[in-house]
Each structure stands twice: as C-alpha cells, then as structure tokens.
Amino acid sequence: MRLSTIMALLAAASAVIGAFGVWSFYRSFDPIPTDLHSDTGIATNVRTATALYSRSHATFQLNQPNGEAIEFSYEPAFKRFYYFAEHLRDGI
C-alpha cells in the first residue's frame, strides 16, 4: 500500500470518528422528560445494585404522612450516581 492511500484511510477514519463524537455530544441534549414524579418523605427499604464495581440502580420507598409508602426505582443517566447512592439511607 502506498503512503498516500494509508493517509487517506486515516483521514476518512478520523472524519467518521469525529462525526460520531459530534453526534454523541448533541444527543446528550435530549429534552428532560416531563412525566417525572416528585415527592417527599422518609426513605425506607433502600436497596442499591452494583454492576462492574459501581452502583447502577437504586430502589427505595418514601413513607407519606397518610401512611402510604410510594416505591421509586432509580436508574441514573448521569455519571455521579455513586454520590446519590452513597447518600441515600434508610430514615433520611
């Protein structure tokens, strides 16, 4: 293979990788879901799941003043989920 062919292939590969990077960056601006549920209460039955040495899922219940316990399942889409999981404790 000639050097110019190798350089052309490297340039094409770089362009494809760059285009994928730009596409991934703009995909990160997806709109925030509007069907989110917000509630307050005391957390109970806190469980977190670990995958490949990092926490990746949390399930907990919030006890309401009327005695009802609402269960939440949280699968994060952000990199600092470990911070959330470390601070979520029973009774807080």
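- Among residues two or more places apart in sequence or in another chain, the side chain to side chain contact (heavy atoms under 4.5 Å, CB included) test is passed with Leu10 by Ile6, Met7.
- Cluster annotation: Ile17 is not connected to Trp23 through the hydrophobic network of ILVMFWY side chains, with a link wherever side-chain heavy atoms come within less than 4.5 Å.
- There is a path of hydrophobic side-chain contacts, each under 4.5 Å, that joins Phe25 to Val22.
- Listed by first and then second residue, the side chain to side chain donor-acceptor pair (under 3.5 Å) pairs that reach into residues 1-15 are Arg2-Ser4, sequence neighbours excluded.
- Listed by chain and residue number, Gln61 satisfy the side chain to side chain donor-acceptor pair (under 3.5 Å) test with Glu71 (two or more places apart in sequence, or in another chain).
- Here Tyr26 pairs with nothing under the ring-ring contact (aromatic ring centres under 6.0 Å, His included) rule; sequence neighbours left out.
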